[in-house]
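If you read the sequence from its start, that first residue is 1, and numbering goes on from there. Values in this document were obtained by computation on a predicted structure and should not be read as measured data.
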Amino acid sequence: MRLFKKSNSIWQSRGWFLLPSLAGVTLFVILPFGYMLFSSFSNGFVNYKTVLANEAFHLAVKNTLWFTGVGIPLLLFFSFAAALGIYKSKYMRLLKSVYLLPMAVPTAVVVLIWKVFFHKAGVLNQILELFQIQAADWLSGGMAFWVLIISYIWKNLGYTIVLWLAGMSAIPTAITEAARVDGASEWQCIRYMILPQLKPVFYTVTMLSFLNSFKVFREAYLVAGAYPQKSMYLLQHLFHNWFTNLDMDKISAAAALLAVFFALCSLALQNMWEKEEFS
């Protein structure tokens, strides 16, 4: 009876329009996730022991953590600096469109750009030879990781700038103007006026940048294949190779571990943003 009354109240409050979305989430997210957890324990904890002892898993986790630990702070810094530079500019709309162009570029074109610039006989090495600097093997040597970082920043810079600008546009201009009248420098206005107002945006931008960092796999795979240079070997490569070999038990166990890890990171980040203040 209580369930019927509750369902009736939801229907009367017009919350019924959420039912198709709830059904979709249940069918395509909750049920597959539950099946994945069930599959990961099909042999007890054997699957988890196998994954945790796998050297490829160690390498992929290390590279992915290093990639996100380097790429996300650099993306946030450059995007925030660029957003400050074009904020209140009369050419802001034009500049936003220019920065968003990389997002409209198809992945195949991005791969072509990679090969044109970073190939052994590419544009970058030819420029280095003009200055009598030894050419580097960008995609197969130690520089491959930084090529991945550059691609990630270039692809997501414009989108992140737009998010920063959306947050800045909500800040009352009277706050910064009053601070400048009182003698505050530009850096003091940024630190004590703008950054505290952008605290919710900072969390959102960080989480979206983290999610977008997993999309760089497309370019890395098309350029270097399923087994790239070691510094470019990410978790996406590992899952792709396991899926190709139909190692579903390994995939389930590894996915469960990563889901727990990402959930803890998200909660820790949210808790940090709620407690700490820019000062």
Heavy-atom side-chain proximity of [X] to [Y] below 4.5 angstrom:
X: Cys265; Y: Phe261; answer: yes
X: Leu59; Y: Lys62; answer: yes
X: Met248; Y: Ser39; answer: no
X: Trp154; Y: Ile149; answer: no

Over all atoms of both residues, closest heavy-atom pair of [X] and [Y]:
X: Gln197; Y: Met193; value: CG-O, 3.0 Å
X: Thr160; Y: Ser79; value: CG2-OG, 3.3 Å
X: Ala253; Y: Val51; value: CB-CG2, 3.9 Å
X: Ala254; Y: Trp242; value: CB-CZ3, 3.7 Å
X: Lys250; Y: Asn54; value: NZ-ND2, 4.0 Å
X: Val147; Y: Trp114; value: O-CZ2, 4.1 Å

Could you grab the distance from atom [atom1] of [X] to atom [atom2] of [Y], nearest 0.5 Å is fine?
X: Ile150; Y: Lys155; atom1: CD1; atom2: NZ; answer: 15.5 Å
X: Asn63; Y: Ser231; atom1: CG; atom2: OG; answer: 6.5 Å
X: Leu76; Y: Phe78; atom1: CG; atom2: CZ; answer: 11.5 Å
X: Met168; Y: Ile86; atom1: CE; atom2: CD1; answer: 9.0 Å
X: Trp164; Y: Leu84; atom1: CH2; atom2: CG; answer: 9.0 Å
X: Leu198; Y: Ile194; atom1: CG; atom2: CD1; answer: 7.0 Å

With a 3.5 Å distance limit and no angle check, can you tell me whether [X] reaches the backbone of [Y] through a side-chain donor-acceptor pair?
X: Gln236; Y: Phe214; result: yes
X: Thr64; Y: Leu235; result: yes
X: Asn156; Y: Ser209; result: no
X: Asn245; Y: Asn241; result: yes
X: Asn47; Y: Ser40; result: yes

*Step by step, would you call Asp249 with Phe41 a side-chain contact (heavy atoms from CB on, under 4.5 Å)?*
CA-CA 8 Å; Asp249 292 340; Phe41 288 101; over 6 Å; no

*Parallel, tilted or perpendicular for Phe45 and Tyr48, by the 30°/60° rule?*
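It falls in the tilted class, 30° to 60°.
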
*Phe57 and Thr50: CA distance, side-chain angles, deciding distance, side-chain contact (heavy atoms from CB on, under 4.5 Å) verdict*: CA-CA 10 Å; Phe57 180 75; Thr50 302; over 6 Å; no

Please tell me whether [X] and [Y] are part of a single hydrophobic cluster in this structure, the criterion being side-chain heavy atoms less than 4.5 Å apart.
X: Leu267; Y: Phe202; result: no
X: Val46; Y: Ile251; result: no
X: Ile72; Y: Trp146; result: yes
X: Tyr35; Y: Phe28; result: no

*May I ask you to check whether Phe117 and Trp138 place their ring centres under 6.0 Å from each other?*
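Between Phe117 and Trp138, which both carry aromatic rings, the centre distance is not below 6.0 Å.
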
*Under the ring pair (Phe, Tyr, Trp, His ring centres under 6.0 Å) rule, collect the residues that match up with Trp66, sequence neighbours excluded.*
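For Trp66 the ring pair (Phe, Tyr, Trp, His ring centres under 6.0 Å) partners, ignoring immediate neighbours, are Phe145.
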
_With sequence neighbours excluded, residues passing side chain to side chain contact (heavy atoms under 4.5 Å, CB included) with Val216_ =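 Listed in chain order: Phe67, Leu148, Ser151, Tyr152, Glu219, Leu234.
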
*asked:* Test of understanding: with side chain to side chain contact (heavy atoms under 4.5 Å, CB included), list the residues that count as partners of His240, not counting sequence neighbours.
replied: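 His240 satisfies side chain to side chain contact (heavy atoms under 4.5 Å, CB included) with Phe217, Tyr221, Ala226, Thr244 once adjacent residues are dropped.
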
*Going through the distances and angles, do Val205 and Phe80 end up as a side-chain contact (heavy atoms from CB on, under 4.5 Å)?*
CA-CA 10 Å; Val205 170; Phe80 183 72; over 6 Å; no

Rest of the hydrophobic cluster containing [X] (Ile/Leu/Val/Met/Phe/Trp/Tyr, side-chain heavy atoms under 4.5 Å)?
X: Leu37; result: Phe33, Met36
X: Val260; result: Leu264
X: Ile30; result: Val25, Val29

*Hey, mind stepping through Leu163 and Thr204 against side-chain contact (heavy atoms from CB on, under 4.5 Å) and telling me if it holds?*
CA-CA 9 Å; Leu163 293 177; Thr204 303; 5.5 Å; no

